[in-house]
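Whatever order the structure lists ligands and atoms in, that order sets their numbers, starting from 1.
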Amino acid sequence: MPSLKYQAGDKVMGRWPGSSLYYEVKVLGYDAKSRLYTVIYKDGTELELKEQDIMSVTSFQQRTRSRSRSNSRSPGRRRSRSRSPARTTRRSSSRTTAAAAAAAVATDSTPSSRGDKKLKQAAEIKISPIVRLFRKTLSKVTRTFSSSPEMSVLDFDQSSLRVFLTLSFFLLFSFVPLISIDLPLFSDGQQQQEKKPAENNSNNKHEKKEENNMASKVNEADAKVEVDSEKNLGRYNLRRRKEDGDSKAAEAKPEEREERSSAAPPAAAAASSTPLDFGGNIGALVLMLFLPAWVLFLVLQVNQKDPSLTNLPTLPPLETFWDPQALGFVIIWIFFQALLYTLPVGKLSEGVLLRSGRRLTYRTNGFFAFVVSAAVVAAAVYQGADLTYIHSHFLQLTSASFLVSMLLSVYLYVRSRSTGLDERALGGNSGKVIYDFFKGRELNPRIKEFDLKFFCEMRPGLIGWCLINVAMALAEMKQQKLDAPSYSMILVNVFQLIYVVDGLWNEEAILTTMDLMDDGFGYMLAFGDLVWVPFTYTLQANYLVSHPNPLSLPVLTAIVVLKLVGFYIFRKSNSEKNAFRRNPADPRLSHLKTIPTATGKSLLVSGWWGVVRHPNYLGDLIMALAWSLPCGFSHLLPWYYIIYFLILLVHRDSRDMNACRRKYGSAWDKYCRTVRYRIIPGVY
Ligand SMILES: NC(=O)C1=CN([C@@H]2O[C@H](COP(=O)(O)OP(=O)(O)OC[C@H]3O[C@@H](n4cnc5c(N)ncnc54)[C@H](OP(=O)(O)O)[C@@H]3O)[C@@H](O)[C@H]2O)C=CC1
Ligand SMILES: CC(C)CCC[C@@H](C)[C@H]1CC=C2C3=C(CC[C@@]21C)[C@@]1(C)CC[C@H](O)C(C)(C)[C@@H]1CC3
C-alpha cells in the first residue's frame with residue numbers, strides 16, 4: 001500500500017465503532033474499492049475502518065497531551081494538583097500510560113456537550129405512547145432540576161432549590177445530607193492526582209491507561225463524537241472476519257464464547273467521563289431531599305383512615321421521630337445480620353472480573369442468614385416479644401434507619417478518598433461532590449473481607465422486609481381482631497417472602513447485576529437498602545393492617561397465577577444470564593445464539609434475552625402487579641410500588657442501555673436491532 005497514509009503492519013489508534021473510544025490496532029490491509037482499512041484489535045477482533053477513524057499513535061498522544069494541558073489550566077484542578085506531593089509521579093505515569101497505546105481514551109462528552117446530545121439521539125428509540133409520555137415527564141423533571149452539569153457544588157440553581165424546599169417538610173429529613181454536602185473539603189481532581197502509582201494493583205494495560213486523567217480532558221475539548229448507530233452502520237463493517245466471512249459470523253459458536261479476561265471492558269477508560277445520571281449535581285441533591293421526604297409521606301399516609309391524595313397527612317411533632325430504643329433495635333438488627341454474614345458457613349462465590357483485573361469473593365450464605373433470623377425471631381415471639389412494636393413504632397424505626405444510612409453514606413464517601421481509580425465506580429467518580437456522594441464512588445467498599453455493598457443490599461433490609469411484613473400480619477390480627485391474617489395479607493406476605501427467599505437462595509446471581517458490577521456504594525444504595533426497601537416495600541402489608549380487602553376465590557386464584565407467571569419469567573431470565581456470564585461455554589446454554597463483542601464477552605440474542613431486552617424486569621413488574629392487586633382499588637397508595645417500580649426499571653433500563661452502548665459499541669446496537677422490544681413485548 002505505497003501511497004496510503006497507513007501501511008500494513010502499522011500500529012495505530014482505531015476508533016471503536018459506535019463509540020468514541022480509541023484502541024491500539026494493527027493495520028492488516030486496505031481495500032481500495034471500499035476505501036476501508038482492515039485493522040485488528042488486541043482481542044483479535046478484525047474490523048474495517050475508514051481513514052478518518054484511524055490516528056497515528058504520535059498524533060493521538062499529542063492530541064491527548066494538548067487537551068490535558070489546556071484542561072489543566074482549569075483553576076480548580078491546578079490548585080489541587082500543586083498541593084499534591086504525589087503529583088509529579090502521577091503525571092509522569094499518566095504520560096507513560098498515554099504512550100502505552102494499549103488502551104482506550106473516551107472522547108464521550110458531558111451531557112451538555114454536542115457529543116452527548118448525539119449520544120442521546122442515538123439512544124432515542126421508537127416507543128409506545130405510554131412510554132413516550134413517561135419519558136417526556138422524566139426528561140421534564142430532569143431539565144427542571146439540572147442546569148449545566150459542569151456546575152460546581154456551590155452554584156446550583158438557588159430558586160429551584162427554594163421552591164423545592166418550601167414544598168414540604170423535606171428539610172427535616174435532609175438535615176444530615178445538607179451538612180455533609182456543604183463541605184467540599186476536597187475535589188476529585190485532587191484525589192485522582194494523588195493516587196500513588198504503588199497503589200495501582202492493576203495487571204491490565206487498559207486499566208493503567210484508565211488512570212490517565214487525560215481521558216476526561218480529551219472529552220471536554222473534543223466533542224466531535226459521532227455515535228449515530230445508523231451512520232456507523234455505513235461506516236464500519238463489523239464482520240468478525242477471522243471467524244467467518246459472511247454476516248452470519250456475528251453469532252459465535254458456544255465453544256468460542258470463553259470470556260477473555262485479558263481484555264478489559266472498553267468503558268474502563270471513561271472513569272470520569274461517564275455521562276451523569278439523574279440530572280447531575282442538582283438532580284442528585286433533589287433526590288437526596290425528596291426520597292426521605294417521600295418515605296416519610298408514605299409512612300404517615302398509610303396510617304390515615306382515608307389515605308387518599310386529597311387527604312394529606314399532617315407533620316407530627318419533631319420529638320415523635322426520635323426514639324433511642326428504636327435506634328437500638330435497628331443497630332442490633334444490623335449487627336446481628338453482620339454476624340451471620342461473617343460466619344464461615346455457606347459457599348464462597350466469585351464476583352465478576354473487575355477493571356482492576358481482580359475478582360472478589362463473597363460469602364453467599366444469605367439463605368442461611370434468613371433461616372437463622374427466622375428461628376431467632378420465632379424464639380423471641382415465643383418468649384413473649386411483641387412484634388407489633390414494629391407497626392406501632394414504624395416512624396421511629398424509619399428515622400433511626402435513615403440516620404444509620406446517612407452515617408454510612410458519609411463514611412463511604414470519606415473512605416472513598418483513599419481509593420484508587422480502578423476501585424471506583426465509573427458512574428460515581430465525576431468530581432462533583434453531591435453527585436458522587438449520591439451515586440457512590442467506591443465500587444466495592446470492604447472492611448477486610450466484609451463487603452459493605454453486598455451485605456447491605458442482601459441482608460438487613462431484605463430480611464428486615466419479611467420481618468416487617470410478619471409484624472404487619474400480627475398487627476392486622478390485633479387491630480381487626482382476627483384469629484388469622486386475612487387472605488390479602490397472606491398473599492402479600494407469601495408473595496414477597498418468595499421474592500426475598502428466592503433472592504437469598506440465588507444470592508450468587510446478584511454478583512452479575514448492575515448494582516454489584518457497576519454502581520458505586522453511596523447514599524443511593526445505602527438509603528435504598530436500609531430505608532427504602534424495608535420501609536416502603538412493606539407498604540402493601542402496612543396498608544392492609546387498617547384497610548382490609550376481602551378476596552373472592554376466583555380473584556385470589558387469578559392473582560396467584562399472575563404471581564407465578566411473573567416469578568417464572570423473572571427467575572428463568574435472571575438465571576439464564578447469570579449462568580451465561582459465569583460460564584459462556586456451559587453446554588446447557590449451547591442452543592443460545594450470541595453476538596460477540598470486542599471486550600471478549602458476548603451478548604445473548606436468543607432465549608429469554610432474545611424476547612425482550614431485560615426480560616427479568618418484565619417478570620419483576622408482573623410480580624409487582626400481583627403484590628398490589630390483593631389490596632384492591634379503594635386507594636392509590638398500595639399501587640405506589642408498581643408505579644415507582646415501573647419508573648425505576650425504565651430508568652434503569654436506559655441507564656443500562658447507555659452503559660452497554662459505551663461498553664460494547666456497535667455490537668450493542670446490533671443486539672438492539674435484533675431484539676427490538678424493551679422490557680415489554682411490543683414496546684420499543
Ligand atoms: N425489587 C427491586 O427493587 C429491584 C429489583 N431489581 C431486579 O434485580 C435484577 C437485576 O437487575 P439489574 O441489575 O438492574 O440488571 P440486570 O441483571 O439485567 O443486569 C444488566 C446487565 O446484564 C448484562 N446484559 C444485558 N443484556 C444482556 C444480554 N443480552 N446478554 C448477556 N448479558 C446481558 C449487561 O452486563 P454485562 O454485559 O456487563 O454482563 C447489563 O449491564 C432484575 O431481575 C431486576 O428486576 C432491580 C432493581 C430493583
Ligand atoms: C432509593 C432509590 C430510589 C432506589 C434504590 C434502589 C434499590 C432499593 C434497589 C436497587 C436494586 C435493588 C435490588 C434489590 C432490592 C432493591 C434494590 C436494592 C434485590 C436485592 C431484591 C431481591 C431480588 O431477588 C434481587 C434480584 C436480588 C434484587 C437485586 C436488585
Side-chain angles (χ1 to χ4, degrees), residues 257 259 265 267 278 287-288 290-292 294-295 352-353 366 405 438 453-454 456-459 461-463 465 496 498-519 523-534 536-537 566-567 569-582 584 589 592-595 597 599-624 627 641 644-645 647-649 651-653 655-664 667-668 671-672 674-675 679:
R257 288 183 198 149
E259 297 192 34
F278 307 112
L287 280 174
M288 274 200 300
F290 171 75
L291 294 173
W294 181 249
V295 175
V352 296
L353 185 75
S405 74
F438 179 78
K453 185 167 71 169
F454 177 78
C456 287
E457 180 134 345
M458 293 309 289
R459 304 304 169 77
L462 208 57
I463 301 178
W465 175 4
Q496 298 186 347
I498 293 174
Y499 187 67
V500 171
V501 170
D502 168 79
L504 295 168
W505 182 261
N506 296 288
E507 201 171 26
E508 200 178 57
I510 199 174
L511 302 178
T512 55
T513 63
M514 276 165 69
D515 295 4
L516 266 285
M517 290 189 306
D518 306 322
D519 288 343
Y523 178 90
M524 183 176 84
L525 278 182
F527 175 81
D529 296 340
L530 301 180
V531 183
W532 193 260
V533 168
T536 71
Y537 284 25
F567 182 65
I569 299 173
F570 168 83
R571 178 47 36 229
K572 285 284 180 187
S573 54
N574 271 328
S575 299
E576 188 174 86
K577 189 205 56 180
N578 184 50
F580 180 68
R581 278 285 170 257
R582 292 195 165 274
L589 304 173
L592 295 177
K593 288 182 182 164
T594 62
I595 294 179
T597 77
T599 65
K601 280 180 173 181
S602 300
L603 292 165
L604 287 168
V605 78
S606 71
W608 287 103
W609 295 80
V611 179
V612 285
R613 306 199 297 261
H614 279 125
N616 48 353
Y617 290 0
L618 175 65
D620 225 338
L621 281 167
I622 296 174
M623 284 194 283
W627 299 353
Y641 178 78
Y644 139 78
F645 206 43
I647 298 172
L648 180 92
L649 293 184
H651 179 251
R652 235 173 134 85
D653 175 67
R655 271 209 297 149
D656 196 37
M657 291 259 294
N658 290 334
C660 287
R661 184 169 283 113
R662 283 194 298 275
K663 257 189 277 185
Y664 302 126
W668 181 257
Y671 172 60
C672 294
T674 316
V675 182
I679 307 176

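In this structure, CG in L648 is found 9.5 Å from CG in D620, a value given to the nearest 0.5 Å. Atom CD1 of residue I679 and atom CG of residue N616 lie 9.0 Å apart, to the nearest 0.5 angstrom. Separating the CZ atom in R652 from the NE2 atom in H614 is a distance of 8.0 Å, to the nearest 0.5 Å. Of the inter-residue distances, the one linking M623 atom CE with L618 atom CG reads 10.0 Å to the nearest 0.5 angstrom. Taken to the nearest 0.5 Å, the CZ atom of R613 stands 7.0 Å off from the OH atom of Y671. Interatomic distance, C456 SG to D515 CG, rounded to the nearest 0.5 Å: 12.0 Å.
When F645, Y641, W627, W505 are each tested for a ring pair (Phe, Tyr, Trp, His ring centres under 6.0 Å) with Y499, only one passes: W627.
Contact annotation: the side chain of R459 approaches that of E507 to within less than 4.5 Å [non-hydrogen atoms, C-beta and beyond]. Annotation: side chain of M458 is in contact with side chain of I510 (closest heavy-atom distance under 4.5 Å). Residues S602 and F580 form a side-chain contact, since some pair of their non-hydrogen atoms from C-beta on lies under 4.5 Å apart. Within the 4.5 Å cutoff, the side chain of M524 has heavy atoms near those of the D519 side chain. By the 4.5 Å heavy-atom criterion applied to side chains, R655 and H651 are counted as neighbours. You'll find the side chain of Y644 reaches within 4.5 Å of the side chain of Y537, heavy atoms only. Side-chain contact between M514 and D656: present, with at least one pair of heavy atoms (C-beta onward) separated by less than 4.5 Å. Side-chain atoms of F567 and I498, non-hydrogen and from C-beta on, do get closer than 4.5 Å to each other.
Side chain of T536 to main chain of V533: no donor-acceptor pair is present (N/O by atom type, distance under 3.5 Å, no hydrogens or angles). Distance alone, capped at 3.5 Å, is enough to place a donor-acceptor pair between the K577 side chain and the T512 backbone. A donor-acceptor contact shorter than 3.5 Å is absent between the side chain of W609 and the backbone of P615.
Annotation: atom 22 (C) of ligand 2 to nearest protein heavy atom, Y499 CE2, 3.7 Å. From the protein, the heavy atom lying nearest to atom 15 (O) of ligand 1 is Y617 OH, 3.4 Å. Counting protein heavy atoms only, atom 5 (C) of ligand 2 is closest to G528 CA, 4.0 Å. Scanning all protein heavy atoms for the shortest distance to atom 10 (C) of ligand 1 gives T513 CG2, 3.4 Å. For atom 25 (C) of ligand 1, the closest non-hydrogen atom of the protein is W609 CZ3, 4.0 Å. Regarding atom 46 (C) of ligand 1, its nearest protein heavy-atom neighbour is R652 NE, 3.7 Å. The protein atom (non-hydrogen) at minimum distance from atom 15 (C) of ligand 2 is V533 CG2, 4.1 Å. If you check which protein heavy atom lies closest to atom 18 (O) of ligand 1, you get N616 ND2, 2.9 Å. Nearest protein heavy-atom neighbour of atom 3 (C) of ligand 2: L291 CD2, 3.8 Å. The single protein non-hydrogen atom nearest to atom 39 (O) of ligand 1 is R581 NE, 2.5 Å, given as residue, atom name and distance. The protein non-hydrogen atom at the shortest distance from atom 18 (C) of ligand 2 is D529 OD1, 3.1 Å. Ranking the protein heavy atoms by distance from atom 43 (O) of ligand 1 puts N574 ND2, 2.8 Å first. In terms of protein heavy-atom proximity, atom 44 (C) of ligand 1 is nearest to D620 OD2, 3.4 Å. Looking only at heavy atoms of the protein, atom 29 (C) of ligand 2 is closest to E457 OE2, 3.7 Å. For atom 10 (C) of ligand 2, the closest non-hydrogen atom on the protein side is D515 OD2, 3.2 Å. The protein heavy-atom contact nearest to atom 4 (C) of ligand 2 is L648 CD1, 3.9 Å.
Both the backbone and the side chain of M514 come within 4.0 Å of ligand 1, counting heavy atoms alone. Of the heavy atoms in L648, only side-chain atoms (C-beta onward) come closer than 4.0 Å to ligand 1. Looking at T513 against ligand 2, nothing comes within 4.0 Å, counting heavy atoms. The part of R652 lying near ligand 2 is the side chain, judged by heavy-atom distances below 4.0 Å. Contacts with ligand 1 closer than 4.0 Å are made by no heavy atom of V352, backbone or side chain. The side chain of D656, and not its backbone, has at least one atom closer than 4.0 Å to an atom of ligand 1 (non-hydrogen atoms only; side chain from C-beta on). Within the 4.0 Å heavy-atom criterion, neither part of V500 lies near ligand 2.
Contact analysis puts Y641 in contact with ligand 1, with a non-hydrogen atom separation below 4.0 angstrom. At least one heavy atom of C660 sits less than 4.0 Å from an atom of ligand 1.
At least one protein heavy atom sits closer than 4.0 Å to atom 13 (C) of ligand 2.
Looking at N578 and N574, their side chains never bring a donor and an acceptor atom within 3.5 Å of each other.
For atom 2 (C) of ligand 1, the nearest non-hydrogen atom from the set Y664, F645, W668 comes from F645. Taking all heavy atoms of W532, Y537, F580 into account, the minimum distance to atom 3 (O) of ligand 1 is reached by Y537. Between K663, R613, K577, it is K663 that holds the heavy atom closest to atom 38 (O) of ligand 1.
Those atoms of ligand 1 that come under 4.0 Å of a heavy atom in Y499, given as number and element, are 1 (N), 2 (C), 5 (C). The distance from ligand 2 to the heavy atoms of G503 drops below 4.0 Å at these ligand atoms: 24 (O). Listed by number with element, the atoms of ligand 1 under 4.0 Å from a non-hydrogen atom of H614 are 18 (O), 20 (C). Those atoms of ligand 1 that come under 4.0 Å of a heavy atom in F570, given as number and element, are 43 (O). Taking every non-hydrogen atom of Y671 and a distance limit under 4.0 Å, the qualifying atoms of ligand 1 come out as 29 (N). Each of the following atoms of ligand 1 lies closer than 4.0 Å to a heavy atom of L604: 28 (C), 29 (N), 30 (N), 31 (C).
What you find for L592 and S606 is that their closest heavy atoms are CA-OG, 3.4 Å.
Ligand 1 has no nitrogen or oxygen under 3.5 angstrom from a nitrogen or oxygen of D515. Backbone and side-chain nitrogen or oxygen atoms of D518 are examined, and none is located within less than 3.5 angstrom of a nitrogen or oxygen of ligand 1. At a 3.5 angstrom cut-off on N or O pairs, L649 does not count as close to ligand 1.
Ring geometry for F278 against F438 counts as perpendicular: the plane angle is over 60°, on a 0 to 90° scale with 30° as the lower cut.
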